[in-house]
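Note sheet for the following structure.
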Amino acid sequence: MDSLKSRYIVIFFVILTVLLVSAYLLNIIVLPKKPLTFEAEKSYYVIQNQYGQILMETGIEIHVADEFIDENDNHYIITTVKDKIASATLKTSSLEIKDDSIATAALFAPEQVLRPGLSTKHVGIYHTHNDESYVLTSGTSAIPGNGDIMKVGEALKDCLSKSSILVIHSLNDHGPHDINAYHRSRRTAVALIKKSPDMLLDLHRDAAPASAYSTSINGIEVAKVMIVVGRTNPKMQTNLEYAKKVKAAADELHPGLMRGIFIGKGDYNQDLYPTALIFEVGTDSISLSMAKKGVRCLGDALIQVLQNS
């Protein structure tokens with residue numbers, strides 16, 4: 001009798017084990033998986049304020065002590081970075097800022113604004129990351145050596161040239177898109193500086209959600225633009241003041257065009273020249289057409305700054 005009872009107990013546990021193993025396998029193989037969390041699936045950085053509100057999304061690597069001036073001129077500083085989520089505290093409120101250096105101007109559509117009398121002005125344009133492209137146009141975010149960003153540079157050149165500004169647009173390839181790209185593009189920057197430009201511009205596109213870089217100006221959909229300034233170079237303050245002038249001009253001419261100014265770790269070759277700036281024109285998930293329209297609006301602001309310098 002005891003032997004029979006022991007046998008039933010063994011059979012019971014064997015059946016129970018089989019049921020548990022089957023349930024486990026069913027759960028991991030057949031049943032739908034839990035969706036990935038935002039933190040796990042995102043490939044870009046997010047800057048939030050102390051209330052959890054999103055201030056900026058960008059593919060640029062964020063570090064503690066980086067800073068961000070938003071489109072309303074509120075100035076934030078990054079205090080923590082974890083899993084691509086950066087926390088920022090307010091450094092200076094826009095209510096504390098009063099800048100009358102750029103006169104108020106009428107609103108213009110995203111077409112060329114002609115500014116006579118600028119024939120002595122000179123601008124240098126190049127691309128550290130020549131491969132950067134727009135997925136909606138080219139089906140890929142990168143085309144080695146000849147990305148869509150080169151066409152954005154040509155659009156800016158055409159815009160400035162129509163106002164009699166001399167523009168040298170370097171098509172030098174600085175690939176591959178790696179940590180040494182800025183070292184390779186430094187040679188191009190130095191060559192352009194030898195021509196004594198009034199501005200030295202390095203054009204890029206970001207890698208953030210399309211919503212972060214999409215706007216409408218006078219009913220026309222265009223790409224937003226963000227200025228980037230390197231904070232670890234001796235000319236940082238001069239670069240930053242120049243960036244603020246450009247942003248102020250853009251805010252007057254085309255409100256909503258500028259995302260703001262990101263002040264990040266690195267020098268971005270801006271240590272070479274006091275009026276050297278980086279512009280992020282749109283993001284990889286928008287179209288080249290939007291980027292061209294955005295950079296033409298930026299061109300209007302650059303013309304305004306050149307005219308007042």
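Quick note: numbers below take in every heavy atom, side chains included, and nothing from hydrogens, waters or symmetry partners.
- Not one N or O on the side chain of D158 forms a donor-acceptor pair closer than 3.5 Å with the backbone of A155.
- Of all heavy-atom pairs spanning A223 and G282, the tightest one is CB-CA, 3.8 Å.
- Inter-residue side-chain proximity for M290 and V222 is flagged as unmet; no heavy-atom pair is nearer than 4.5 Å.
- Rounding to the nearest 0.5 Å gives a distance of 8.0 Å between CG of N172 and CG of N130.
- Atom NZ of K157 has more than 12 neighbouring heavy atoms from other residues, nucleotides or ligands inside a 6.0 Å radius.
- Note that OG1 of T232 is 8.0 Å distant from NZ of K265, once rounded to the nearest 0.5 Å.
- Not a single side-chain hydrogen bond (donor to acceptor under 3.5 Å, both in side chains) links S216 to another residue, sequence neighbours left out.
- Of the options L240, I261, L302, V229, a side-chain contact (heavy atoms from CB on, under 4.5 Å) to L277 is made by V229 and by none of the others.
- Contact annotation: the side chain of K195 approaches that of H122 to within less than 4.5 Å [non-hydrogen atoms, C-beta and beyond].
- Minimum interatomic distance between A88 and I47 (heavy atoms only, all atoms of both residues): CB-CG2, 3.7 Å.
- Annotation: the span from M226 atom CE to L257 atom CG amounts to 13.0 Å, rounded to 0.5 Å.
- Ion pairing between K244 and E241 holds under the 4.0 Å rule for side-chain N and carboxylate O.
- Considering only residues two or more places apart in sequence or on other chains, D131 meets the salt bridge (Lys or Arg N to Asp or Glu O under 4.0 Å) condition with none of them.
- Looking at every heavy atom in both residues, V64 comes nearest to R231 through O-NH2, 3.2 Å.
- Side-chain contact between K121 and S309 is present, with at least one heavy-atom pair separated by less than 4.5 Å.
- The shortest side-chain heavy-atom distance between I220 and K293 falls under the 4.5 Å cut-off.
- Applying the side-chain contact (heavy atoms from CB on, under 4.5 Å) test to T89 and every residue at least two apart in sequence or in another chain returns I77, T79.
- The backbone N or O of V123 sits nowhere less than 3.5 Å from a side-chain atom of D198 that would complete a donor-acceptor pair.
- With no hydrogens or angles considered, a side-chain donor-acceptor pair links H174 and T188 at under 3.5 Å.
- The structure places CG of L166 at 7.5 Å from OG of S161, a figure rounded to the nearest 0.5 Å.
- In this structure, F279 is a member of the same hydrophobic cluster as Y242, with clusters built from ILVMFWY side-chain heavy atoms closer than 4.5 Å.
- Counting only N and O atoms by type, the side chains of S87 and T80 include a donor and acceptor under 3.5 Å apart.
- Under the 4.0 Å criterion applied to side-chain N and carboxylate O atoms, K247 and D70 are not assigned as salt-bridge partners.
- A donor-acceptor contact shorter than 3.5 Å links the side chain of D66 to the backbone of H63.
- Listed by chain and residue number, nothing satisfies the side-chain hydrogen bond (donor to acceptor under 3.5 Å, both in side chains) test with K292 (two or more places apart in sequence, or in another chain).
- No continuous path of ILVMFWY side-chain contacts below 4.5 Å connects L200 to V228, so the two sit in separate hydrophobic clusters.
- Annotation: ring pair (Phe, Tyr, Trp, His ring centres under 6.0 Å) contacts of H127 (sequence neighbours excluded): H169.
- Taking 4.5 Å as the limit, every side-chain heavy atom of T58 sits out of range of all side-chain heavy atoms of F262.
- Residues Y273 and I165 do not share a hydrophobic cluster, clusters being chains of Ile/Leu/Val/Met/Phe/Trp/Tyr side chains in contact below 4.5 Å.
- For the residue pair S185 / N269, a side-chain donor-acceptor distance below 3.5 Å is found, with atom types taken as modelled.
- Using modelled atom types, no side-chain atom of D267 and backbone atom of Q270 make a donor-acceptor pair closer than 3.5 Å.
- Note on residues 128-148: pairs passing ring-ring contact (aromatic ring centres under 6.0 Å, His included), not counting sequence neighbours, are H129-H177, H129-Y182, H129-H204.
- A208 and D284 make their closest contact through O-OD1, 3.9 Å (heavy atoms, listed as atom of the first residue, atom of the second, distance).
- Panel note: side chain R184, backbone G175; a donor-acceptor pair is recorded below 3.5 Å.
- For the pair I227 and V246, the minimum side-chain heavy-atom distance is below 4.5 Å.
- Annotation for K235: atom NZ counts as buried by contact number, over 12 foreign heavy atoms lying within 6.0 Å.
- Without hydrogens or angle criteria, D178 side chain to N180 main chain gives a donor-acceptor distance under 3.5 Å.
- A donor-acceptor pair is defined here as one N or O able to donate and one able to accept, closer than 3.5 Å; no such pair exists between the side chain of D251 and the backbone of P255.
- A donor atom on one side chain and an acceptor atom on the other are found under 3.5 Å apart for D206 and Y213.
- For the pair K84 and Y45, the distance from NZ or CZ to the six-membered ring centre is under 6.0 Å and the angle to the ring normal is within 45 degrees.
- Considering only heavy atoms from C-beta on, Q48 comes within 4.5 Å of I85 through its side chain.
- Placement of V295 and L136 in two distinct hydrophobic clusters is found when ILVMFWY residues are connected by side-chain heavy-atom separations under 4.5 Å, directly or transitively.
- Separating the CG atom in L253 from the CG atom in D300 is a distance of 6.0 Å, to the nearest 0.5 Å.
- Taking CD1 from I303 and OG from S164, the interatomic distance works out to 10.0 Å, rounded to the nearest 0.5 Å.
- Contact between G147 and S133 at its shortest, heavy atoms only, is CA-OG, 3.3 Å.
- Within a 6.0 Å radius of CD in E221, no more than 12 heavy atoms belonging to other residues, nucleotides or ligands are found.
- Closest non-hydrogen pair, T283 versus A210, comes out as CG2-CA, 3.9 Å.
- By the 4.0 Å N-to-carboxylate-O rule, R205 lies too far from E280 to be salt-bridged with it.
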